[in-house]
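Written out below as structure tokens is the structure these notes cover.
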Amino acid sequence: MTDKLKDKIEKFLTMCLKSKAKPEQDDDNAITVDTITEDMHRELAADAVAITSNLMELQRLLPLSRQLADLGRLLESQGKITLQADEAYDEAALKFFCELYGGGMSPSKALH
């Protein structure tokens with residue numbers, strides 16, 4: 001997802017909100033939007049923006065996670081780390097470097 005796509009989604013949803021037909025129009029193709037539908041459009045718009053933003057952030061984080069996983073595999077092959085049964089390579093690599101350079105802080109505390 002890109003910022004351009006996010007803008008297009010926002011513009012589309014804004015257009016949906018503005019698509020209210022005037023009561024005096026007799027156009028059969030006019031879209032009448034009542035208050036409840038307007039609220040639903042606003043919720044949909046907010047959800048779409050949130051989803052798009054989260055997907056964009058996830059797209060930025062996935063390459064970092066892959067690099068950490070590769071680093072975790074390398075550290076394991078060098079005997080510097082041993083993975084726990086429920087631990088992933090990226091978590092193990094992050095934990096290793098937090099312990100090495102983070103003063104013994106756990107990764108969750110080191111990142112906040």
Side-chain angles (χ1 to χ4, degrees):
M1 299 280 166
T2 63
D3 290 330
K4 189 176 181 179
L5 179 58
K6 181 180 172 184
D7 290 341
K8 285 182 179 182
I9 290 171
E10 287 174 348
K11 285 178 185 177
F12 171 73
L13 293 171
T14 301
M15 182 188 71
C16 288
L17 284 172
K18 291 181 180 180
S19 66
K20 285 197 253 183
K22 295 180 183 176
E24 61 270 7
Q25 285 183 332
D26 292 329
D27 186 4
D28 290 336
N29 294 326
I31 301 170
T32 306
V33 181
D34 60 11
T35 306
I36 294 172
T37 308
E38 235 178 84
D39 292 341
M40 290 171 59
H41 276 104
R42 283 197 179 89
E43 278 184 44
L44 177 64
D47 290 346
V49 169
I51 289 167
T52 304
S53 296
N54 289 336
L55 284 173
M56 289 170 54
E57 288 304 313
L58 182 60
Q59 198 171 29
R60 290 182 187 131
L61 290 174
L62 284 174
L64 295 174
S65 180
R66 287 186 193 115
Q67 289 176 337
L68 272 172
D70 290 343
L71 185 58
R73 287 184 197 89
L74 177 66
L75 290 170
E76 184 186 42
S77 71
Q78 293 174 350
K80 294 182 179 180
I81 63 171
T82 304
L83 270 68
Q84 303 298 321
D86 63 341
E87 198 170 27
Y89 282 106
D90 57 347
E91 293 171 354
L94 186 58
K95 181 178 170 185
F96 172 79
F97 283 105
C98 284
E99 289 172 359
L100 191 62
Y101 297 109
M105 293 176 65
S106 68
S108 60
K109 290 180 184 175
L111 294 175
H112 296 286

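Side-chain atoms are counted along with the backbone in the values below, which use heavy atoms only and exclude waters and symmetry mates.
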Side chain to side chain contact (heavy atoms under 4.5 Å, CB included) against Leu58, all qualifying residues, sequence neighbours excluded: Leu62
Pairing residues for Ser53 by the side chain to side chain contact (heavy atoms under 4.5 Å, CB included) criterion, not counting sequence neighbours: Lys6, Val49
Verdict with reasoning, Asp90 to Leu94, per side chain to side chain contact (heavy atoms under 4.5 Å, CB included): CA-CA 6 Å; Asp90 57 347; Leu94 186 58; over 6 Å; no
Counterpart residues, side chain to side chain contact (heavy atoms under 4.5 Å, CB included), relative to Glu43 (two or more places apart): none
Spacing of Lys80 atom NZ and Leu74 atom CG [to the nearest 0.5 Å]: 7.5 Å
Euclidean distance, Glu99 CD relative to Ile81 CD1, rounded to 0.5 Å: 10.0 Å
Side chain to side chain contact (heavy atoms under 4.5 Å, CB included) partners for Leu64, two or more places apart: Leu61, Gln67
Residue pair Ser65 / Leu68, side-chain heavy-atom distance below 4.5 Å: no
Those residues that, when tested against Glu76, pass side chain to side chain donor-acceptor pair (under 3.5 Å) (two or more places apart): Tyr89
Contact check, side chains of Leu71 and Phe97, non-hydrogen atoms, under 4.5 Å: yes
Salt bridge (charged side-chain N to carboxylate O under 4.0 Å, His left out) contacts touching residues 51-75 (sequence neighbours left out): Glu57-Arg60, Asp70-Arg73
